[in-house]
Amino acid sequence: MGFSVLESFLSEKFDDNLISGSNHVSIEKKSQKLTLFEDLVEGSEALDSNSCPSDCESGVSGGENDRNSGGGGQGIHGIIAKKLVSSLSSSGFDVRVEGIRRIDFSSFTSRAKLQSFCIYSKAVEMKCNGDANVKYAWFGASKPEITAILSHGFSLPTSKGTHGYGVHLSPVDHPIHSLALDGADENGLMHMLLCRVIMGKMEAVLGGSDQYNPSCEEFDSGCNDLASPRRYIVWSSRMNTHILPEYVISFKASNNREKRRKLQPPRVPRSDWMPFPSLIAAMSKFLPRDPIESISTLHSAYRKQKVTRHEMIRRVRDIAGDKLLMGIIKSYRSKTKSHL
């Protein structure tokens, strides 16, 4: 079952329920083995030992076997590589996967983490009428940050994310929102964790929110949009019980769209384009001060060429939301045309 579960998540069609009846084995019958998600342990034992870091290894850098295993071959590593490459390519990135490692669950401490995840999954399943809503999700960070997470777990965020205080991950089809563009290591490699996440019942969290816990007992986690989520939010109080890192992916990525823009002559704005300062002023009527300050800081960084236009726009859309931005831009265009 180990490979088939992950494959169903990374294929074109997804099965959002990871907990099947075959996983519910009584403790009495298998007292020496984990009773939930045994496919994690069994699957890792079936892989080449070179592709599985021990509990004390970082799982971020590896040898030749790691690089060969992640390049699009057959099996689980090929599926993960294909999903990451195809998803980021659709966002304009040229991606080459250099290595994929599966987290080892054979040591005492790692088995304890796994068992804890299983217990909480079962508890949320019972709370949510039989569906813990366990999903695969991406988390991108620098090599030192990922090494620390694998050794000690997630730490409390030092600053607010785009949608409140918590761990922000992205759905398996949208790794772009977890891409740490400034987190490349000394070899130019970026790194991502592919995690299993207990989402339970999600609630919508607005961009710029100060939320740090579920708004009420009914909810277990958050997202930016219930209909089409691009951000998953796991609150800090649950980050080390509801998130289980399973794979480390190391890759190189370059933005082809930005390269093409540099080769093209600069575009002259048309009359119906909305100046960014005007956009910020209009958004300030609808958003709290903190997100407006974040957007202003992004715009300043863009003008100083510290971030690309693509990155600035992506982050602004995350903070403000497409619905608000479209409403403001349409209103501006209507007023502009009426004065022509």
Side-chain angles (χ1 to χ4, degrees), residues 84-96 138-142 159-163 168-171 173-185 188-192 206-208 224-225 228-231 251-336:
L84 182 65
V85 170
S86 62
S87 298
L88 289 180
S89 295
S90 65
S91 298
F93 285 85
D94 182 19
V95 180
R96 177 183 173 184
W138 301 102
F139 179 85
S142 67
S159 60
K160 183 174 63 175
T162 57
H163 293 76
H168 289 58
L169 306 99
S170 57
D173 244 3
H174 302 283
I176 182 66
H177 297 291
S178 288
L179 189 63
L181 292 172
D182 56 350
D185 64 18
L189 289 175
M190 299 181 188
H191 308 283
M192 276 195 187
L206 297 176
N224 67 316
D225 187 329
S228 181
R230 296 292 185 272
R231 292 280 187 184
F251 59 96
K252 291 185 177 180
S254 58
N255 193 331
N256 284 334
R257 292 179 182 175
E258 289 300 325
K259 289 179 181 178
R260 288 196 294 269
R261 288 192 186 101
K262 291 179 180 179
L263 295 175
Q264 294 173 350
R267 295 176 295 179
V268 178
R270 301 191 306 271
S271 60
D272 60 347
W273 280 29
M274 187 173 190
F276 212 89
S278 300
L279 179 62
I280 294 175
M283 286 190 290
S284 65
K285 300 176 182 178
F286 302 94
L287 295 176
R289 186 176 67 177
D290 284 351
I292 293 299
E293 289 180 353
S294 297
I295 292 172
S296 298
T297 301
L298 273 171
H299 183 234
S300 176
Y302 164 69
R303 297 189 64 168
K304 295 176 182 178
Q305 297 184 339
K306 293 183 178 180
V307 299
T308 64
R309 178 179 176 82
H310 174 83
E311 177 68 6
M312 178 187 70
I313 292 174
R314 181 178 71 81
R315 292 187 185 179
V316 170
R317 291 178 66 179
D318 274 344
I319 295 171
D322 288 350
K323 185 175 181 180
L324 174 60
L325 289 172
M326 288 302 298
I328 292 174
I329 293 171
K330 286 181 179 179
S331 175
Y332 174 82
R333 290 179 175 177
S334 297
K335 291 180 181 178
T336 302

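Since the structure is predicted, the reported quantities are computational estimates derived from the model, not experimental observations.
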Interatomic distance, [X] atom [atom1] to [Y] atom [atom2] [nearest 0.5 angstrom]:
X      : Y      : atom1 : atom2 : answer
Met190 : Leu88  : CE    : CG    : 9.0 Å
Thr162 : Ile295 : OG1   : CD1   : 11.0 Å
Arg230 : Asp173 : CZ    : CG    : 8.5 Å
Ser142 : His191 : OG    : NE2   : 8.0 Å
Leu84  : Leu179 : CG    : CG    : 8.5 Å

Is a side-chain donor or acceptor of Ser178 paired with a backbone partner of Trp138 at a separation under 3.5 angstrom? yes
Okay, side chain of Ser331, backbone of Ile328: is any donor-acceptor separation there less than 3.5 Å? no
Listed pairs under 3.5 Å, donor-acceptor, residues 275-293 side chains, sequence neighbours left out:
unit_1, atom_1, unit_2, atom_2, d
Ser284, OG, Ala281, O, 2.5
Asp290, OD2, Lys160, NZ, 3.4

Indicate the atoms forming the closest heavy-atom contact of [X] with [Y], along with that distance.
X      : Y      : value
Ser170 : Pro175 : OG-CA, 3.8 Å
Ser90  : Ser87  : OG-O, 2.6 Å
Arg314 : His177 : NH1-CA, 3.5 Å
His168 : Phe139 : O-CD1, 3.6 Å

Do [X] and [Y] touch side chain to side chain, with heavy atoms closer than 4.5 Å?
X      : Y      : result
Asp94  : Ser89  : no
Val95  : Lys252 : no
Ile176 : Phe93  : yes

Which residues pass the salt bridge (Lys or Arg N to Asp or Glu O under 4.0 Å) test with Arg303, sequence neighbours left out? none
According to side chain to side chain donor-acceptor pair (under 3.5 Å), does anything in residues 315-325 pair up with another residue at least two apart or in another chain? List the pairs. Arg231-Asp318, Glu311-Arg315, Arg317-Asp322
